[in-house]
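Below, chains carry the letters A, B, ... as their sequence lines are ordered, and counting in each starts from 1.
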Protein chains: 2
Amino acid sequence: MNKVDIPAIIVARLPIYLETLELMYKEGIYKTSSRELGDRIGITAAQIRKDLSQFGEFGKQGTGYSIPNLVAELRKILHVDKIWDVALVGTGNLGTAIARYPEFNHRGFRIVMCFDSDPALIGTKVGDITIEDSATMIERIREANIKIAMLTVPGSIAQQVADDLVKAGVTAILNYAPVALNMPPDIIHVQHIDPILQLQQMTYYMD
Amino acid sequence: MNKVDIPAIIVARLPIYLETLELMYKEGIYKTSSRELGDRIGITAAQIRKDLSQFGEFGKQGTGYSIPNLVAELRKILHVDKIWDVALVGTGNLGTAIARYPEFNHRGFRIVMCFDSDPALIGTKVGDITIEDSATMIERIREANIKIAMLTVPGSIAQQVADDLVKAGVTAILNYAPVALNMPPDIIHVQHIDPILQLQQMTYYMD
DNA sequence: TTGTGTGAATTCCTTCACAGCG
DNA sequence: CGCTGTGAAGGAATTCACACAA
């Protein structure tokens, strides 16, 4: 189970499996097969079995998979069998909306700190979190030992703030700013959310 | 240049090329090579050349690519050489933040209509757009001939609203709701934005 | 029978390496 | 020279198909 040799493309599918299985469980379904799960997600049954076989043998021949069991295994594999504290940097429109988004709490992540550099916002609250001054960010994140940050600042300062996050000991950044971050890939993971890239993929197929 | 045989994985990279080239142009750089572009993005020069060669010959041997020219070609290929009208459905925290996000306007997309079912919101404004009643959505989208929708409604009603969007003639949905939409893939394109899936990919590599 | 886990076969994607042009 | 565009080679990912267990 050496992490380095699991292809990233497989890792990217595991959260989809987990999400789907959690939904099925909520619907009152407690067992499934690779076929049924694949039909829901839109991929082949063989692919699901191959992917899961990288991590262990979670199914029973003739029977399929126990959903609670597979959910627990996937949470362990993805390290979301605990709650991760997250810092949110930038509390403009988007940052505020994310801070109020309830889903994070239910699925392994808890926003525990918010930062902004706007004096008009510092000291005000988003939900029940007080917005703190970005000037204190490095220190505050380090002493709280936070490893994950969501970045919702303007593109013009995103790189600078990301550099500060690295100094603070953060090892994962979810980047909502519309710029590619230049980061040392060996010490930090970056995921980029850019809705325009996704819209442009779709317009390719449209007239 | 038959669309069906261009792999989706290549189409997914084109908007990244476009975004990067647009940024370089803003920086005052007007020509580049596959090597330089690849270094910025973090992929190989050969891959960029192979990808672009699917659509034509845009470079000059010994010289590289003209950035304005390649930007124009990519916009044509991706059909963002025009402005697409977009409908936004769901004007809660997230929808409101998206409606106010300025980037869309600069990169080929214009939000022209907003819908919500909450009587307290209908008739109020987000930016300069008046929120309309979801009950009128199908008719309004159809008569405005809008083909792209962004979906920021609660997961519990996302499937129902998406079905309505199909009835309204929409052919592309950018889905922010935390559920997989079940759609006829031959008539509609769906892209899903789920920050939790991306966070969970990163925690896989963390302790 | 059903449905897993897995080698083998296949398909798909990326990289190599170089002819050829400016 | 420098750098593109592209066949050929190599590598990765997916799918097939079946032994085997419940």
Given atom CZ of A:Arg35 and atom C1' of D:dT15, what is their separation to the nearest angstrom?
14 Å
Rounded distance in Å - CZ (B:Phe55) to P (D:dT6):
13 Å
Look at the side-chain N and O atoms of A:Ser34 and state whether any lies under 4.0 Å from the OP1 or OP2 oxygen of C:dT4.
yes
Please tell me which of the listed nucleotides, D:dC16, C:dG5, C:dT15, lies nearest to the side chain of A:Ala46?
D:dC16
Rounded distance (Å) that lies between atom C1' of C:dT4 and atom CD of A:Gln54:
15 Å
Closest to the B:Pro7 side chain, choosing from C:dC16, D:dT15, C:dC13
C:dC13
Side chain of B:Gln61 only, please: which of D:dG7, C:dA17, D:dC3 is the nearest?
D:dC3
Over how many whole Å does the gap from B:Ile48 atom CD1 to D:dC3 atom C1' extend?
13 Å
Steps toward salt bridge (charged side-chain N to carboxylate O under 4.0 Å, His left out) verdict (A:Asp207, B:Lys82)
CA-CA 11 Å; A:Asp207 312 303; B:Lys82 64 164 204 160; over 6 Å; no
Mind checking the OH-CG spacing from B:Tyr17 to B:Asp51? Nearest 0.5 Å is all I need.
3.5 Å
Does C:dT14 have OP1 or OP2 sitting under 4.0 Å from an N or O in the side chain of B:Arg13?
yes
Check whether any side-chain N or O of A:Thr63 sits under 4.0 Å from OP1 or OP2 of D:dA22, and answer yes or no.
no
Counting only side-chain N and O atoms of B:Ser33, is one of them less than 4.0 Å from OP1 or OP2 of D:dC3?
no
Return the value, rounded to whole Å, for the distance between atom NZ of B:Lys31 and atom P of C:dG22.
15 Å
Whether A:Arg49 contacts C:dG5 is assessed here as follows: a side-chain N or O lying under 4.0 Å from the phosphate OP1 or OP2. Is that the case?
no
Spell out, as yes or no, whether a donor-acceptor pair under 3.5 Å connects the side chain of A:Ser33 to the backbone of A:Glu36.
yes
What's the spacing between A:His79 NE2 and A:Trp84 CH2 if we round to 0.5 Å?
7.5 Å
Does the plane of the ring in B:His189 sit parallel, tilted or perpendicular to the ring in A:Tyr205? Use 30° and 60° as the thresholds.
parallel
Between atom CD1 in A:Ile10 and atom P in D:dT14, what is the gap in whole Å?
7 Å
Side chain of B:Ile9 - closest among C:dT14, C:dG5, D:dT14
C:dT14
Return whichever of A:Leu52 or A:Gly62 has its heavy-atom-nearest nucleotide of DNA chain C closer to the 5' end.
A:Gly62
Nearest-Å distance, CD (B:Glu57) to P (C:dG20)?
14 Å
Here's a test of your reading of the structure: between A:Thr44 and A:Lys60, which maps to the more 5' nucleotide of DNA chain D?
A:Thr44
Does D:dG2 have its OP1 or OP2 closer than 4.0 Å to a side-chain nitrogen or oxygen of B:Tyr65?
no
Side-chain contact check for B:Lys50: nearest option of D:dG7, C:dG5, D:dG5 is D:dG7
Between the side chains of B:Gln159 and B:Asp163, is a donor N or O closer than 3.5 angstrom to an acceptor N or O?
yes
Give the rounded distance in Å between these two atoms: CZ of A:Phe58 and P of C:dG5.
8 Å
